[in-house]
**Student:** 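The structure under discussion is supplied below as structure tokens; questions concerning it will follow.
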Protein chains: 2
Amino acid sequence: MSSEGPGEPDVRRRLIELAADVLGDEGPAALSARRLARDAGTSTMAVYTHFGGMPGLVQAVVAEGFRRLFDRVAEVELTDDPIADLAAAAAAYRANALANPHVYSVMFGSASLGEYRLHDEELEVGIAAFQQLVGLIERAMAAGALRRDDPAPVAAQFWTALHGYVVLEIADFYSMFDDPEAQVLQPLLGRLLAALR
Amino acid sequence: MSSEGPGEPDVRRRLIELAADVLGDEGPAALSARRLARDAGTSTMAVYTHFGGMPGLVQAVVAEGFRRLFDRVAEVELTDDPIADLAAAAAAYRANALANPHVYSVMFGSASLGEYRLHDEELEVGIAAFQQLVGLIERAMAAGALRRDDPAPVAAQFWTALHGYVVLEIADFYSMFDDPEAQVLQPLLGRLLAALR
DNA sequence: CATGCTGCCATAACGGCGTTATGGTCCTGG
DNA sequence: CCAGGACCATAACGCCGTTATGGCAGCATG
């Protein structure tokens, strides 16, 4: 391995973080190989040696976004109230998404369509994140807080509601509500869980 | 001179429909003023005289997408079972979204972020579509099929769940389920409505 | 040690993109 | 009849992603 100076990590890492920063600060339109290469002090060829092209770089940013989302949710401390833990996990999920709305949008918005589709790397992390939620649901069922059922579809329903809310909040479609988190998200998740009792 | 016959409507209309077709068939990456102008038998300047630029054209396509979505949902025939009508409306919503997944993605995905944000035209149609759902919820409450409550937040919760499902189905995130519509969407909406009884 | 090889990146070019400037051709209203 | 405006064709500017080419370090091999 090449010894890397403390202030100058490897180029691959720098490009990913720079891309995530530009995406977060200025949106997808500002992402360009030339711009990133200039800011990283290298040339556009670095994008091709490390990622094979611009879609590959975006894919790496998406994979990083999934990893961070997974970590944020994994950091919530579990209590003896599995329902409260589900709410805390949802809050962490939402907070992370709202902190990086453009990254979240690219993760799911263009994740499948034209551009590049998701590859093994993101898929693996995505599955791990979903299994994390399945575990929380199973735990609630084992504790008797939720009716016993196949946990995977229940987790998918929970995640679907949460994801739908986050997307619409990011896209600013709740402008007619004072406090959409209290008026939409919490009742939605609460009622879903209530019907699962 | 080639004056326009009955099969050659005005250029503005042709550009919108061509853009929607290209978007649906080949995805957002294939959308370009030059390509559309070539296919429409005109020059790129037509895009600027009619829409002020490429974002304006996309905005027109989005507005058209909202209008079509609204119409499809409005076409469902109401019965004397308001809960069944809600399910029928959701099915029409999903069917229209899956028939034009790229258009749906542009409507909500990049609807707010960097590119162009939604303007008065789309906002107006979007509000009308939402009021349509509020009316269905109100009707179910009046008939005693749902508990009396402020219908707008309830409609938002229903729409949030439905939208979240459609987005994830389009992005192909339900690959671990045989029949996601039966395993995720229907239980999710059914349980939400059950908790609202 | 010399040698060739491989990974990595700088430079420059190609085609395509959105956009703008300019000018021409109609159609319309006075 | 003619002035003006709506509409579009042409060409150019500066971006973009991508590719071809070449230089240069590090390293394994003879």
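Just so it is clear, the model here is predicted, and its values are computed rather than measured. In what follows, every chain begins at residue 1, and chains take the letters A, B, ... in the order their sequences are listed.
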**Student:** Could B:Arg67 and B:Asp71 be called an ion pair, given the rule that one side-chain N must be under 4.0 Å from one carboxylate O?
**Tutor:** no
**Student:** What's the CG-C1' distance between B:Asp10 and D:dA6, to the nearest Å?
**Tutor:** 14 Å
**Student:** Between C1' on D:dC7 and CZ on B:Arg14, what's the gap in Å once rounded to a whole number?
**Tutor:** 13 Å
**Student:** Counting neighbours of CG on A:Asp179 that are heavy atoms of other residues, nucleotides or ligands and sit closer than 6.0 Å, is the number greater than 12?
**Tutor:** yes
**Student:** Nearest whole angstrom, please: distance from the C1' of D:dC7 to the CZ of B:Arg13.
**Tutor:** 19 Å
**Student:** When you check the phosphate oxygens OP1 and OP2 of C:dC8, does a side-chain N or O of A:Thr49 lie under 4.0 Å from one of them?
**Tutor:** no
**Student:** Determine: side-chain N/O of B:Thr42 to OP1/OP2 of D:dA9, distance under 4.0 Å, yes or no.
**Tutor:** yes
**Student:** Got a list of side-chain donor-acceptor pairs under 3.5 Å for residues 18-25 of chain B, not counting sequence neighbours?
**Tutor:**
none

**Student:** Do the two ring centres, one from A:Tyr165 and one from A:Phe173, sit under 6.0 Å apart?
**Tutor:** no
**Student:** Would you indicate, yes or no, if C:dC9 has its OP1 or OP2 atom less than 4.0 angstrom from a side-chain nitrogen or oxygen of A:His50?
**Tutor:** yes
**Student:** Using atom CG of A:Leu36 as one end and atom C1' of C:dC9 as the other, report the distance to the nearest whole Å.
**Tutor:** 16 Å
**Student:** Taking all atoms of both residues into account, what is the closest heavy-atom pair of B:Leu133 and B:Ala155, and its distance?
**Tutor:** CD2-O, 3.3 Å
**Student:** More than 12 heavy atoms of other residues, nucleotides or ligands under 6.0 Å from CD of B:Glu124: is that the case?
**Tutor:** no
**Student:** Any chance you could list the contact pattern along nucleotides 14-25 of chain D? Use B for base contacts, S for sugar-phosphate-only contacts and - for none, protein heavy atoms under 4.0 Å, 5' to 3'.
**Tutor:** --BBBBB-----
